[in-house]
Amino acid sequence: MTRLIHVLSDRVANQIAAGEVVERPASVVKELVENALDARATRVEIDLERGGKKSIRVSDNGLGMEREDSLLCFDRHATSKIDAVEDLRGIRTFGFRGEALPSIAAVSRLVLETRGENGEVGTRVRISGGTITAVEDTARQRGTTASIGSLFFNAPARSKFLKAVSAETRAVSDAVVSLALVHPGVSFRLTSDARVLLDLSTVTDLAQRVAELWGVEAARTLVPVDLDVGGVRLRGLIQRPDAARNGLRRLHLFVNGRPFRDREITRAADRGYRTTIPSGVRPWLFLYLTVPGEDVDVNVHPSKAEVRFKEFEAVQEFIERAVHEALRGEESAATFDTELTPPVFTVREPSAKPSTSQADSPQMAFFVQGPPTTGDEAENEVVGAEAAPAVPEISNRTKLWQIHDMYVLAETRDGLMIIDQHAAHERVLFERIMTRFEQGGETGQRLLFPLTIQLTPSEYEHVQDMAGILARVGFEVEGFGGSTVIVNAVPNPHPHFDAQRCFREMVEELTNGSELVRSAKNQHERIAMSFACKGAIKAGQRLRREEMEELVEGLFATELPFHDVHGRPTTVRLGRAELERKFGR
């Protein structure tokens, strides 16, 4: 009888497996750079020709390997990272599957040169299509260099799916940037066809790395995130709401030092910005999540770009909360200062004599600045940062000035704060209404002469549907026939309040929709946003000193005092240092 089932040859099996690990030149670079970082390299150099299609060369000054290991590393599932199933919980290294090098070697012509710390000479291994063709001595310093030529030369179907040189080069650059962000203590150099694309020095904090990549001005728009609850911690940098824009965003997520992608996690972070940015704006996010090893599974896919969380919904809620709380501080407020110091996140340098043990492998070279550590602490232990105060220290809240009947000036300990009276009152009213919703609603002030308001048929139908929620805001409304309503009671948020105008504008906005109300997560928030916008103190209204004091007190009693519900700033800071700089002091 003829057998239908047979065992694939090693060559075919290796090419199939390589398809999961090696998708394009960027995959090769990612795997090789991760190996270098696991080997505790402090410098990594990547050279490309034609976007990696022709050749890729990755060189590092890491631990290197002795001859026996340099041959064994090309056997599938040969690794120095784990020994037992239990090691899959709490993996502290990038690699652990033992698939990268054999997969790359199976679809390329590869030359590996390496030397360990104790080796007298280095080893050069030549491989073509997964077959070792030569092993020889070579003179070199400690570290490893992998040179890959003719990627997919024996898999032409795969080669046809590669994109243009520029696209492949960009993908490599993105992969290197992601790893550079998680290891600011390592220098990186990327060249493509002899042109330098990245030349990143060894720095001591994340903001400096961001400044190297995208400029100091961009780094100055970032504010720190730091929340630690029950063994789960989120640290990183997020963009100030006033600096966030539409279009391209810088988005980098890490868990336990490992880059990963997840749309739901990104959405959770974006939800933390609710009511602080306009709809469609995409702030930059650099988020570093630390969770117990048993609560995250990184062994999902050979590319290791996906992870699974044991309590995924709880992680999303935690990230949303962390971002939201970071936006409560004065650091998230808009500013006139042109020479802000970027937030500092300090790292300690890798040890001079790296160890090969898993316990000493760098999980993540990223630490929040804080008090000095003792010698007994682990090298990569995170030091907690002191939380920034949410409320600015206003020198004298009875010493306020109104200018142009639009802005309130307040002296602070460090300079001057300019408050937009309308935007500030929007925030106050929004949070007050949302709080009152939770408490059962707000009672309106009954009118001696009720308002009679003519609406369109669609507006009238909308008011009838919303009557219950409107009543909880303070508008007591009843039908009067046709499309006319009677308003018997109205809220009284301030002495300048025009109830009829506010009601008409709210009904029109809620019926026809607007970017503001469409961004609301539910009907209650929609009503609160609209009322806050239409009912707040207007620009051009003169305020008495007592009204200014009440406005300032109310603003800084809110959760997010520096942002109105449209995503505009309520305040703009002008630091004393900037004033002195302008006046040449």
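Once rounded to the nearest 0.5 Å, the distance linking CG of Leu253 with CD1 of Ile319 reads 7.5 Å. The CZ atom of Arg40 sits 9.0 Å away from atom NE2 of His183, with the distance rounded to the nearest 0.5 Å. Distance check, rounded to the nearest 0.5 Å: NZ of Lys163 to CZ of Arg170 gives 8.5 Å. Arg189 CZ to Leu197 CG: the interatomic distance, rounded to the nearest 0.5 Å, is 10.0 Å. Annotation: the span from Leu237 atom CG to Leu181 atom CG amounts to 10.0 Å, rounded to 0.5 Å. For the atom pair Glu212 CD and Leu200 CG, the distance stands at 5.0 Å (nearest 0.5 Å).
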**Message:** Using the rule given for salt bridge (Lys or Arg N to Asp or Glu O under 4.0 Å), can you reason through Arg321 versus Glu325, listing the C-alpha separation, both sets of side-chain angles and the distance that settles it, and then say yes or no?
**Reply:** CA-CA 6 Å; Arg321 174 186 167 189; Glu325 292 195 6; 3.0 Å; yes
**Message:** Show, in sequence, the C-alpha distance, side-chain angles and deciding distance for Val307 and Asp297, and conclude whether the side chain to side chain contact (heavy atoms under 4.5 Å, CB included) test is met.
**Reply:** CA-CA 6 Å; Val307 300; Asp297 181 8; over 6 Å; no
**Request:** Carefully, step by step, assess Ile46 and Ser59 under the rule side chain to side chain contact (heavy atoms under 4.5 Å, CB included).
**Result:** CA-CA 7 Å; Ile46 306 102; Ser59 180; over 6 Å; no
**Asked** Arg250 and Leu213: side chain to side chain contact (heavy atoms under 4.5 Å, CB included), yes or no, with the steps?
**Response** CA-CA 11 Å; Arg250 308 296 178 186; Leu213 289 166; over 6 Å; no
**Request:** Any chance you could lay out the side chain to side chain contact (heavy atoms under 4.5 Å, CB included) test for Tyr288 and Val225, step after step, and finish with the verdict?
**Result:** CA-CA 9 Å; Tyr288 298 73; Val225 178; over 6 Å; no
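For the pair Glu264 and Phe312, the tightest heavy-atom approach, listed with the atom from each and the gap, is CB-CZ, 3.6 Å. Across all their heavy atoms, Ala180 and Phe188 have their closest contact at CA-CE1, 3.6 Å. Looking at every heavy atom in both residues, Val232 comes nearest to Pro292 through CG2-CD, 4.3 Å. Annotation for Leu151 and Arg24: closest pair CD2-C, 4.3 Å, computed over non-hydrogen atoms. The nearest pair of heavy atoms linking Met65 to Asp69 is SD-O, 3.9 Å. Of all non-hydrogen atoms in Ala244 and Val281, the two that sit nearest each other are CB-CG1, 3.3 Å.
The closest side-chain heavy-atom distance from Trp284 to Thr221 is not below 4.5 Å. Counting only heavy atoms from C-beta outward, the side chains of Val111 and Val125 never approach each other to under 4.5 Å. For the pair Thr145 and Arg140, the minimum side-chain heavy-atom distance is below 4.5 Å. Side-chain contact between Phe562 and Pro241: absent, with no pair of heavy atoms (C-beta onward) separated by less than 4.5 Å. Side-chain contact between Pro283 and Arg249 is present, with heavy atoms from C-beta onward closer than 4.5 Å. You'll find the side chain of Thr275 stays beyond 4.5 Å of the side chain of His563, heavy atoms only. Side-chain contact between Arg220 and Val216 is present, with heavy atoms from C-beta onward closer than 4.5 Å. Looking only at side-chain heavy atoms (C-beta outward), Leu110 and Ser147 stay at 4.5 Å or farther from each other.
No salt bridge links Arg308 with Glu306; every basic N to acidic carboxylate O contact stays at or beyond 4.0 Å. Between Arg240 and Asp242 there is a salt bridge, with a side-chain nitrogen of the basic residue lying less than 4.0 Å from a carboxylate oxygen of the acidic one. Between Glu34 and Lys30 there is a salt bridge, since at least one side-chain N of the basic residue sits less than 4.0 Å from a carboxylate O of the acidic one. Salt bridge status for Arg328 with Glu559: absent, with no side-chain N to carboxylate O gap under 4.0 Å.
When Val196, Val44, Val29, Leu48 are each tested for a side-chain contact (heavy atoms from CB on, under 4.5 Å) with Leu190, only one passes: Leu48. In summary, of the residues considered (Arg126, Arg124, Arg67, Arg57), a salt bridge (charged side-chain N to carboxylate O under 4.0 Å, His left out) with Glu113 occurs for Arg124 alone. The only option from Asp47, Thr169, Val165, Leu198 that meets the side-chain contact (heavy atoms from CB on, under 4.5 Å) definition with Ser192 turns out to be Thr169.
Arg142 contributes no side-chain N or O that, together with a main-chain N or O of Glu117, makes up a donor-acceptor pair within less than 3.5 Å. Side chain of Arg209 to backbone of Ser201: a donor-acceptor contact under 3.5 angstrom is found. Judged by distance alone, the side chain of Asp270 and the main-chain N or O of Arg282 form no donor-acceptor pair under 3.5 Å. In this structure, Ser159 contributes its side chain and Ala155 its backbone to no donor-acceptor pair below 3.5 Å. Ser178 places no side-chain N or O within donor-acceptor distance of the main-chain N or O of Asp174, the cut-off being under 3.5 Å. Put simply, the side chain of Asn154 gets close to the backbone of Ala106: a donor and an acceptor are under 3.5 Å apart. Distance alone, capped at 3.5 Å, places no donor-acceptor pair between the Asp295 side chain and the Lys310 backbone. When atom types are taken as modelled, the side chain of Asp228 and the backbone of Arg233 share no donor-acceptor pair closer than 3.5 angstrom.
A 6.0 Å sphere centred on CZ of Arg50 holds no more than 12 heavy atoms belonging to other residues, nucleotides or ligands.
Checked against the 6.0 Å centroid threshold, Phe286 and Trp214 count as a close aromatic pair.
Under 3.5 Å, the side chains of Asn61 and Thr42 contain a donor-acceptor pair of N or O atoms. Between the side chains of Arg235 and Thr290, at least one donor-acceptor pair of N or O atoms lies under 3.5 Å.
In this structure, Arg573 is not positioned above the aromatic face of Phe336 in the sense of NZ or CZ being under 6.0 Å from the six-membered ring centre and within 45° of the axis.
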